[in-house]
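Below is one structure, written out as structure tokens, with a few remarks after it.
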Amino acid sequence: MTVKTRFAPSPTGYLHIGGARTALYSYLYARRHGGSFVLRIEDTDRERSTEEAVNAILEGMAWLGLEYDEGPFYQTKRFDRYKEVIQQLLDEGKAYYCFCTRERLDKLREEQMARKQKPRYDGHCRNLNRTPKQGEEAVVRFRNPLDGEVVVDDRVKGKVVFQNAELDDLIIARADGTPTYNFTVVVDDMDMQITHVIRGDDHLNNTPRQINILRALGVEPPVYAHVPMILDEHGKKLSKRAGAASVMEYRDMGFLPEAVLNYLVRLGWSHGDQEIFSLDEMVALFDIDDINSAPSSMNPSKLLWLNQHYIKHSDRKHVARHLSWHMGRLGIAPSQGPALERVVEALSERAKTLVEMAQSARFFYQAPTEYDAKAYKKHVTEAILPVLKELRERLAALSTWTGEAIHAQIHALAEERALGLGKIAQPLRVAVAGVAVSPPIDVTLELLGQEQVLSRIDRLLNHAATEGSS
RNA sequence: GCUCCCAUCGUCUAGCGGUCAGGACGCUGCCCUCUCAAGGCAGAAACCCGGGUUCAAUUCCCGGUGGGAGCGCCA
């Protein structure tokens with residue numbers, strides 16, 4: 001039997017980071033075994049499902065590069081099929097109509113809670129054996145076994161046993177005839193021949209119900225693997241407030257998709273001491289049995305470290321492509337100035353995010369409009385101005401504008417004047433970048449180009465002449 | 001409240017009866033250095049508690065404590 005996994009989000013919001021991880025695990029497992037990966041949109045709750053959310057999920061999957069082999073399938077398009085199965089269960093006496101009002105159910109729940117009991121349906125209509133009269137409101141409930149137990153042989157949690165007596169008869173069709181979650185999942189997993197269900201462990205408690213329905217349908221349940229939740233950095237539930245919960249927020253913060261993927265795969269899964277995994281390596285090494293059964297917390301600084309790793313080691317063109325998107329957001333046009341790939345090369349060791357890199361890259365494309373006050377005061381001294389003037393002339397005289405030539409000029413001058421390199425490099429940085437931080441000065445000047453460098457030095461000299469130096 | 005899940009450095013984790021409890025991020029110190037980084041080296045830092053089982057428990061079992069999830073005509 002070929003492996004088939006699925007990711008089945010409900011479109012009520014963005015693609016959650018936890019969802020992204022279960023999607024990744026499902027994807028990896030299918031790929032690893034040469035199987036297929038299905039995307040299914042669970043939109044049976046028409047109140048809360050939105051098209052924007054569907055698009056957000058699709059966008060998130062695409063950004064991460066998690067390609068699905070089948071789908072997206074929409075449950076709302078399968079209502080006829082669900083109706084058919086519900087009727088089948090009804091006909092076979094495995095489901096029944098329930099006429100209890102919401103008021104009665106609410107009251108029942110309240111009473112049970114007051115008695116410190118687990119709130120559950122009391123089987124009031126279980127043996128009525130009645131079909132609704134014309135216009136009469138009724139839901140359909142699944143006739144859950146009253147005794148015995150259900151064993152979930154979970155690949156990450158191990159054997160988990162539930163007593164049927166703990167379960168009640170859940171509603172599988174609402175009064176308006178639409179099917180409910182626990183039922184549609186079962187029918188879809190059955191119809192789509194899903195072999196491995198990898199999902200959040202918040203679904204573990206639903207699993208025995210689903211298994212019972214599956215059995216009533218005469219189908220063997222798939223293999224289940226319930227992965228623990230992802231908590232925020234404080235060990236609390238991930239929320240919009242406490243750190244980013246949406247995958248797209250990570251894009252916006254300047255993360256590379258491969259960094260996010262690498263981070264997520266290691267959050268709850270491991271392969272010995274290895275930390276860095278390309279997608280191909282993940283596919284080759286991933287196994288459900290290596291998933292940790294305990295929940296894990298986000299470690300933002302480790303994600304940052306991974307991001308920097310990928311910024312440093314990924315193909316420059318690839319990084320440049322993502323960087324230009326962020327530069328666009330900051331209103332910097334990378335067309336006028338040095339090749340973006342070379343800027344990426346120069347900055348890759350000094351940026352943890354692409355947002356940071358875009359900010360640092362700004363001066364390559366836009367001359368500084370002002371000088372950082374502290375840097376100016378510290379480095380642009382009265383004594384250094386004549387040296388800068390001299391350097392300006394020597395740089396102007398250069399016929400080949402290469403890092404090497406620039407380096408030689410600066411070094412020679414520093415030596416002649418018995419100055420440390422920093423004494424010249426720092427004011428130069430202020431002149432060309434506006435701040436005292438940049439890639440190595442020779443690289444910076446080379447990338448900027450002779451014309452820009454000379455004009456920026458002139459500007460600083462003028463500024464010093466009118467505004468003064470320290 | 002009931003049912004279920006979980007528990008190794010601050011965090012992510014390795015471990016699968018005998019280890020000086022390993023790695024990674026972060027942190028601290030040193031080196032390198034034209035700035036910022038990157039890099040190199042060194043260091044501090046963990047088996048939740050109590051019972052068993054065993055010659056031997058971080059590891060297996062039970063209980064406690066502490067976290068978490070579920071208990072909808074939501075998914």
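The sequence lines fix the lettering, A, B, ..., with proteins before strands; numbering per chain opens at 1.
Comparing B/U8 with B/A42, their C1' atoms sit 24 Å apart, to the nearest whole Å. Here, B/C41 and B/U35 have their P atoms 22 Å apart, quoted to the whole Å.
Of the candidates B/C73, B/C25, B/U3, B/C73 carries the atom nearest the A/V139 side chain, counting heavy atoms from C-beta on. Among B/G1, B/U13, B/C73, the nucleotide with an atom closest to any side-chain atom of A/S296 is B/U13. Picking from B/A69, B/U11, B/A38 the nucleotide with the shortest atom distance to the side chain of A/S297 gives B/U11. The A/K157 side chain lies nearest to B/C6 when the options are B/U13, B/C6, B/A75. If you check B/U13, B/C73, B/C6 against the side chain of A/P295, the one that comes closest is B/C6. Here B/C6 is the nucleotide among B/C6, B/A69, B/U35 with the atom lying nearest to any side-chain atom of A/S293.
Distance A/L108 CG to B/G72 C1': 13 Å, rounded to the nearest Å. Remark: P of B/A45 and CG of A/N299 are 20 Å apart, rounded to the nearest angstrom. Remark: P of B/A75 and CZ of A/F73 are 20 Å apart, rounded to the nearest angstrom. We find that CE of A/M229 is positioned 5 Å from P of B/A69, with the value rounded to whole Å. A/I291 has its CD1 atom 12 Å from the P atom of B/A14, to the nearest Å. As rounded to whole Å, 10 Å separates atom P of B/U13 from atom CD of A/E275.
In this structure, A/R141 satisfies the cation-pi test against A/Y121, with its NZ or CZ atom closer than 6.0 Å to the six-membered ring centre and inside 45 degrees of the ring normal.
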* To do: Assess whether salt bridge (charged side-chain N to carboxylate O under 4.0 Å, His left out) is satisfied between A/R266 and A/E281, documenting all intermediate values.
  => CA-CA 12 Å; A/R266 276 290 287 107; A/E281 278 179 300; over 6 Å; no
* Step-by-step salt bridge (charged side-chain N to carboxylate O under 4.0 Å, His left out) determination, A/R6 to A/D189 -> CA-CA 9 Å; A/R6 49 40 160 215; A/D189 286 343; 3.0 Å; yes
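Atoms OG and CG, from A/S49 and A/D43 in turn, are 5.0 Å apart once rounded to the nearest 0.5 Å.
Within the 4.0 angstrom heavy-atom criterion, base atoms lie near A/A175. Heavy atoms of A/E166 sit under 4.0 angstrom from primed sugar atoms or phosphate atoms, though from no base atom.
For B/A69, the OP1/OP2 oxygens have a side-chain nitrogen or oxygen of A/K237 closer than 4.0 Å.
On a pure distance criterion of 3.5 Å, no polar donor-acceptor pair joins the side chain of A/R429 and the base of B/C36.
Nucleotide B/G43 forms a Watson-Crick or G-U wobble pair with B/C27, both donor-acceptor distances falling under 3.5 Å.
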